[in-house]
Amino acid sequence: MAEPLKSQPCQLALFGQPVKHSQSPKIHQGFAAQFGLAIDYQLIESSAESLHDKVKGFFAEGGHGANITVPHKQNIMPILDGLTDRAAQAGAVNTLFKRNDQLWGDNTDGDGLVMDLRSKNINLDNAQVLIIGAGGATQGIIPSFLKAGVAEITIQNRSQEKAQQLAALFPRCQSEDHLEGAYDLVIHATSMGHHGLCPELQSHWFGDQTIAYDLSYGQAAEPFLEAARSLNARTVHDGLGMLYGQAALAFEIWTGHSPNIDLS
Ligand code: ATR
C-alpha cells in the first residue's frame, strides 16, 4: 500500500516516450470520478537521460504516484528504494508509489492482463499458453500466468536463444513447441504490430477453442488478430482491457479504491 492521500488534487503522472497519445489520463480521471476524488494526471515525456531527474523532481514536488511506460520500465529501476515481489519477478516496473518516504516500484501489467482475461470468462486454470515474443512485455506477464495456475507456457521468438534464456528463469516455461494439439491461449507480445506487421504463425497453434490476445490495442493489434481470425481462433482480443486492468490496479495502490472497469 502507498502512503495515504494527503491533499487533493492527487498528483499523478506517466513517464515514457512517447506519451502524447496515452489514454491513461482519461482512464484515471474516470476511476477518480467513481470515488469523488480530484486527481491531476500529467503526461511527462522523458528521454533515457532525463528520466531519473524528472521522476525525482516530480516526487520532490508532491507527486503521489506514477506510471512508467515504454521504453523505461527497466531504466527506472536503479533509482528505486524498493521493489514489490511481482516487480522483481517481472524484472520491470510500471507503477511507482511512496512508502515510508521511500520510492517503490510495482508491476501491475501481468495481473492487469489476468484480470481482463477473467472478466472475459477465459479460463486459465491448467491452460496451455503460447507467448510469441521474448522481450520485457513477455517477462512482465509470465509471473501472473504462473500464479493464475496455467499448466505450461511456451515461448516462441525470432531469436530462439532469447526465448530459451527467458524460459530458464521460470518454472513451467519452455521454448520448444512440443504440443500435439492447439494451445488454449496464444498471446502476441512482440512490438511488430506497431509497424503493421505480424510474426509468422503456425496453423497448428490454433484450434476452434483457441483464444488469441494481442498485448497492444487498436491498430497495432490488428495484424495479429486478423491472422489469428484467418486461422479460426475462437475469439480474438486486443489489449485494451489489459490497459484498463493495469491502470485499475495502480489506482488501487495509490488511493486504496478499487475501480469498476467499463470497456464499452
Ligand atoms: P518489449 O520490452 O516491449 O517486450 P523488446 O524487449 O524490444 O520490447 O522485445 C520486442 C520483442 O519483439 C522481441 O521478442 C523481439 O524479438 P527478438 O528477441 O528476436 O529481437 C520481437 N520482435 C521485434 N521486431 C521483430 C520482428 N521484425 N520480427 C520478429 N520479432 C520481432
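Both counts, for ligands and for their atoms, begin at 1 and track the order of listing.
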Which residue holds the protein heavy atom closest to atom 11 (C) of ligand 1, what is that atom called, and what is the gap in Å?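 Atom 11 (C) of ligand 1 sits closest to the protein heavy atom Thr190 CA, 3.9 Å.
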
Give the ring-plane orientation class for Phe31 versus Tyr244, where under 30° counts as parallel, over 60° as perpendicular and anything between as tilted.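 Geometry flag for Tyr244 against Phe31: perpendicular rings.
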
Assign the ring pair Phe224 / Phe206 to parallel, tilted or perpendicular, where the plane angle (0 to 90°) is split at 30° and 60°.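 Correct class here is tilted.
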
Distance-minimising heavy-atom pair for [X] and [Y]:
X: Ser144; Y: Asp111; result: OG-OD1, 2.7 Å
X: Asn75; Y: Ala48; result: ND2-CB, 4.3 Å
X: Ile131; Y: Ala189; result: CG2-CB, 3.9 Å

Which option, Met192, Glu200, His188, owns the non-hydrogen atom nearest atom 30 (N) of ligand 1?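 Answer by nearest heavy atom: Met192.
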
Within the protein, is there a heavy atom lying under 4.0 Å from atom 7 (O) of ligand 1?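 When distances to the protein are checked, atom 7 (O) of ligand 1 has no heavy atom within 4.0 Å.
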
Hey, which atoms in ligand 1 end up nearer than 4.0 Å to a heavy atom of [X]?
X: Ser159; answer: 19 (O)
X: Ser191; answer: 10 (C), 12 (O), 23 (C)
X: Lys162; answer: 18 (O)
X: Gly133; answer: 14 (O)

Report yes if [X] has an N/O atom closer than 3.5 Å to an N/O atom of ligand 1; otherwise report no.
X: Ala134; result: yes
X: Ala137; result: yes
X: Gly136; result: yes

As a test of understanding, state which of Asn107, Thr108, Asp106 forms a side chain to side chain donor-acceptor pair (under 3.5 Å) with Thr84.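 In the set Asn107, Thr108, Asp106, the residue that makes a side chain to side chain donor-acceptor pair (under 3.5 Å) with Thr84 is Asp106.
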
Would you check if there is a donor-acceptor pair between the side chains of Asp116 and His237 at a distance under 3.5 Å?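 No, Asp116 and His237 have no side-chain donor paired with an acceptor closer than 3.5 Å.
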
Part of Asn157 with heavy atoms under 4.0 Å of ligand 1, whether side chain, backbone, both or neither: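 Side chain only.
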
